[in-house]
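A short write-up of the structure that comes next.
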Amino acid sequence: LTRGDDIRNAATQFRQRLGVGLAAQEICDSALGGFRLWRDSAEALGFFVFQAIHVSVAEMRGCALPDRFAPVALINSKDADVAKSFTLIHELAHLLLGETAITGSDTDFAMSPDNPTERFCNRFAAEVLVPNADFTRLVPKNWMERENEFLRTASRKYWVSKAVIAYRLVDAGFADRDWLKNKWAK
């Protein structure tokens, strides 16, 4: 993986390597079940996934420690279950890039942080978890009339946070950044 790669193609290829199809993701019974699916798939590929239990979310959501033989993704166990899958795939992106990283709670993926690597990892994680091709078929034309219901339904389909779904709406051209900023300012 390189930052110059096409995000959609790279995410599709990685999802295939993980062996996680949309059907497997959808049949999970909870966000924790979704996280376990992604974690187990990552571990089957040779990534080591651990959870930090004595660190506040304000200090760290995740960490990537690349190593040729034992690449480690560390996820904060105190984080919300819907956030853990995103953090895991985000940290795996850092590992695929061969870079060490600590992701703090101040990383607001929806507003695209200034760091191009973080922005790339955020986009990669969002695309792996919520593939554009599937997502764009899911969004009804009148989704804004019932936006909270749509955000809830879509977040449960993919077992991600509503913030990830909102970001995907902007990324796919269904909403603009002003909508996103206003939505999360509430």
Side-chain angles (χ1 to χ4, degrees), residues 1-22 24-25 34-35 37-50 60-76 79 83-139 154 158-161 163-181 184:
L1 185 67
T2 69
R3 282 187 294 278
D5 288 345
D6 177 80
I7 294 279
R8 290 190 179 137
N9 289 338
T12 299
Q13 290 173 6
F14 187 60
R15 192 179 176 102
Q16 289 169 347
R17 280 184 59 206
L18 288 169
V20 177
L22 289 167
Q25 189 176 3
F35 170 70
L37 171 71
W38 292 108
R39 181 197 62 204
D40 293 349
S41 299
E43 289 176 340
L45 279 182
F47 294 99
F48 291 86
V49 180
F50 300 107
M60 180 202 73
R61 289 193 109 126
C63 177
L65 303 168
D67 182 85
R68 187 172 171 198
F69 301 106
V72 173
L74 181 64
I75 309 304
N76 195 327
D79 209 350
K84 289 177 185 175
S85 293
F86 184 88
T87 301
L88 173 61
I89 302 300
H90 176 99
E91 299 309 328
L92 293 177
H94 281 292
L95 293 174
L96 292 169
L97 291 168
E99 299 175 354
T100 301
I102 296 178
T103 302
S105 65
D106 61 344
T107 301
D108 184 357
F109 74 90
M111 299 302 155
S112 295
D114 293 329
N115 182 319
T117 300
E118 288 301 307
R119 192 168 45 249
F120 178 87
C121 292
N122 286 338
R123 290 183 62 221
F124 181 81
E127 182 66 31
V128 168
L129 294 165
V130 185
N132 186 66
D134 186 67
F135 182 68
T136 55
R137 288 191 296 267
L138 176 74
V139 182
Y158 299 104
W159 294 113
V160 297
S161 69
V164 170
I165 298 301
Y167 174 75
R168 296 305 283 150
L169 285 165
V170 172
D171 193 47
F174 291 100
D176 59 27
R177 290 200 170 280
D178 288 338
W179 171 82
L180 189 63
K181 288 177 186 174
W184 300 121

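Positions are given from 1 along the sequence.
- Under the side chain to side chain contact (heavy atoms under 4.5 Å, CB included) criterion, Trp159 pairs with Cys28, Ala31, Arg156, not counting sequence neighbours.
- Ring geometry for Phe48 against Phe50 counts as parallel: the plane angle stays under 30°, on a 0 to 90° scale with 60° as the upper cut.
- Contacts of Asp67 classified as salt bridge (Lys or Arg N to Asp or Glu O under 4.0 Å), with partners at least two apart in sequence or in another chain: none.
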Original post:
So Asn9 and Thr12, side-chain hydrogen bond (donor to acceptor under 3.5 Å, both in side chains) or not? Walk me through it.
Top reply: CA-CA 5 Å; Asn9 289 338; Thr12 299; 5.5 Å; no
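- A donor-acceptor contact closer than 3.5 angstrom links the side chains of Tyr158 and Asp134.
- If you take CZ on Arg17 and CG on Leu92, they are separated by 10.0 Å, rounding to the nearest 0.5 Å.
- For Arg68, the salt bridge (Lys or Arg N to Asp or Glu O under 4.0 Å) test picks out no residue, with sequence neighbours left out.
- For the pair Leu65 and Leu74, the minimum side-chain heavy-atom distance is 4.5 Å or more.
- Under the 3.5 Å distance criterion, with hydrogens and angles disregarded, a donor-acceptor pair is assigned to the side chains of Arg15 and Gln25.
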Original post:
What do the steps show when you test Asp79 against Arg61 for salt bridge (charged side-chain N to carboxylate O under 4.0 Å, His left out), and what is the final call?
Top reply: CA-CA 7 Å; Asp79 209 350; Arg61 289 193 109 126; 2.7 Å; yes
Subject >> Chi angles and distances behind the salt bridge (charged side-chain N to carboxylate O under 4.0 Å, His left out) call for Arg3, Glu99 >> reply: CA-CA 12 Å; Arg3 282 187 294 278; Glu99 299 175 354; 2.6 Å; yes
**OP:** Take His94 and Glu118 through the side chain to side chain contact (heavy atoms under 4.5 Å, CB included) test and state the conclusion after the steps.
**Re:** CA-CA 9 Å; His94 281 292; Glu118 288 301 307; 2.9 Å; yes
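- Between Phe124 and Leu97 the shortest side-chain heavy-atom distance does not fall below 4.5 Å.
- Salt-bridge annotation for Asp171 and Arg168: present, with a side-chain N of the basic residue lying under 4.0 Å from a carboxylate O of the acidic one.
- Taking OH of Tyr167 as the reference point, atom CG of Leu169 lies at 12.0 Å (rounded to 0.5 Å).
- Taking the side chain as every heavy atom from C-beta outward, Val128 and Phe14 approach each other to under 4.5 Å.
- The salt bridge (Lys or Arg N to Asp or Glu O under 4.0 Å) search around Glu43 returns none, not counting sequence neighbours.
- Residues meeting the side chain to side chain contact (heavy atoms under 4.5 Å, CB included) test with Thr136, sequence neighbours left out: Asn132, Ala172, Phe174.
- Taking 4.5 Å as the limit, every side-chain heavy atom of Pro66 sits out of range of all side-chain heavy atoms of Leu96.
- The shortest side-chain heavy-atom distance between Cys63 and Thr103 does not fall under the 4.5 Å cut-off.
- A heavy-atom distance below 4.5 Å is found between the side chains of Phe135 and Ile165.
- In this structure, OG1 in Thr87 is found 8.5 Å from CG in Asn76, a value given to the nearest 0.5 Å.
- In this structure Glu91 satisfies the salt bridge (Lys or Arg N to Asp or Glu O under 4.0 Å) test with no other residue, sequence neighbours excluded.
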